[in-house]
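Structure, as structure tokens:
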Amino acid sequence: MTEFHLNGQLVRVDSPVNWSLLRLLREQRWWGTKHGCEGGECGACAVLVDGRAVPSCLTLAHSLHGKRVETVEGLGKPGDLHPLQEAFVDVGAIQCGYCTPGMLMASLELLRRIPDPTEADVRDALTGTLCRCTGYVKPVEAVLLAAQKMQEELS
Amino acid sequence: MLFALEHYHRPRTLAEAGEQLASDSGARVLGGGTRILTSRDDSVRSLVDVTGLGLDGLELGGEEPFLGATARLQDLVDAPAVQGYYGGILSEAAYLSNPSRLKRNVATVAGEILEAGRLGVLSAVALALGARLVVHDEGECDLEEVHVNGLSGIVTAIRLEPEGEGRTIGFDTVSVVETSNPMALSVAWVEVDSGKVVSSRIVMGAIGPHPVRLRAVEEILQGESPDVALIERAARDGLEGVQIGDRPGLSGDYLCHLVRVTVRGALSKATGIVGT
């Protein structure tokens, strides 16, 4: 039995030993985290484990015992979006949307680490999350806008 | 996905990890998992996860610098102690080892050094820095030997050359773009005393299954005063007779030329001698 915190809730799961966190999440119908390459190359499945953005396809579910997992479902809700989600919508940083959950989680890690990031910081944080639609310009703008809004809210 | 995986072990101590590894011939050490979990290797029946054993320290000042085996590549990029060691060469190598921050957040130092194979930028830099692997219950072994003979135990740390007066390192790569896998890579660690090279390790990476030392280049440098002519001669004569096989789109002769260029570049950067 593996016990860990998923978006703040303690969960206990008994999954097959070779299941990844990605597989576990999607089998539990937490479909926000997207299934991409299963090789850690595309970043569509990025989640935070103990605050670090990682590809969930490369994280064994059994290795999560005692850890804290955050997925896009824990970020915001319809009507109460996280500033990052709002910024992605406002800027138009979404086309097909498949990479968006991974981008949001990678960006969340960045903004916790560097609340006032430069464009270079954002581009570095998003390395590993591939987007074939937007060319990254709009997502980068969105993260910078979210950072600005979050800073303004703080002050 | 490891279809044949039957057991996952999370040992609380190194001794326990050693016992679990020894008791099952199908057991493998699990660090970050970036390679083993995508290997589809059906011989892997058990994984012994060593990431909770506190092997992630980074100590680079002083006389015995080491990298903890389970430190993450991103830790090497971020840690001020690593950035200050030999001009930040390990930070740069860790960054180039994987352009994806997500994967650098997961991949471990030992996994990268041992498993990266031909594309191991960090592995090549570690070899040039005289890396010795500390293996649980077995003592220390040379990285070069491990590349040739393999390793069965649990690596706990990687010991490296301390910084010192007259010791410098540089590396040079040829890639299509900065973050793509290098076509050729060389690293030069040089120790100069009283104007003469007293010791060196010159490593060729990106060619062959793992990085190798170019001892003929090192012999040419030994006891000589580094200058433009010496660097030219070492890169030219030290690679005479080196045979490199063709790769798709790249002939062996061309790869050999690229190695010469990068050896020259690495030596130039290490010694600060420009004009080669």
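The figures here come from the full heavy-atom set of this structure, side chains too, leaving out hydrogens, waters and symmetry mates. Naming convention: chains lettered A, B, ... in sequence-line order (proteins, then strands); numbering from 1 in each chain.
Using a 4.5 Å cut-off between heavy atoms, A/Ser63 contacts chain B through both its backbone and its side chain.
In terms of heavy atoms, B/Ser100 sits closest to A/Gly128 at OG-CA, 3.3 Å.
A donor atom on one side chain and an acceptor atom on the other are found under 3.5 Å apart for A/Glu109 and B/Asn105.
B/Arg101 CZ to A/Leu110 CG: the interatomic distance, rounded to the nearest 0.5 Å, is 7.5 Å. For the atom pair CG (B/Leu37) and CD (A/Glu38), the distance works out to 10.5 Å, reported to the nearest 0.5 Å.
Between B/Asp75 and A/Arg52, at least one side-chain N (NZ, or NE/NH1/NH2) sits under 4.0 Å from a carboxylate O, which counts as a salt bridge.
In terms of modelled atom types and a separation under 3.5 Å, the side chain of A/Thr127 and the main chain of B/Pro99 share a donor-acceptor contact.
With respect to chain A, the highest number of heavy-atom pairs below 4.5 Å among B/Ile36, B/Leu102, B/Leu5 belongs to B/Leu102.
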Query - Stepwise side-chain contact (heavy atoms from CB on, under 4.5 Å) test for B/His7 and A/Val17 - result: CA-CA 6 Å; B/His7 303 290; A/Val17 71; 5.7 Å; no
Report task. Kindly determine whether A/Leu58 and B/Lys103 satisfy side-chain contact (heavy atoms from CB on, under 4.5 Å), including the steps that lead there. Result -> CA-CA 9 Å; A/Leu58 291 185; B/Lys103 284 183 86 173; 4.2 Å; yes
Query raised in the report: Going through the checks in order, is the salt bridge (Lys or Arg N to Asp or Glu O under 4.0 Å) test met by B/Arg104 and A/Asp124?
Result: CA-CA 11 Å; B/Arg104 291 197 305 271; A/Asp124 177 56; 3.3 Å; yes
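Using a 4.5 Å cut-off on side-chain heavy atoms (C-beta onward), B/Val106 and A/Pro55 make contact.
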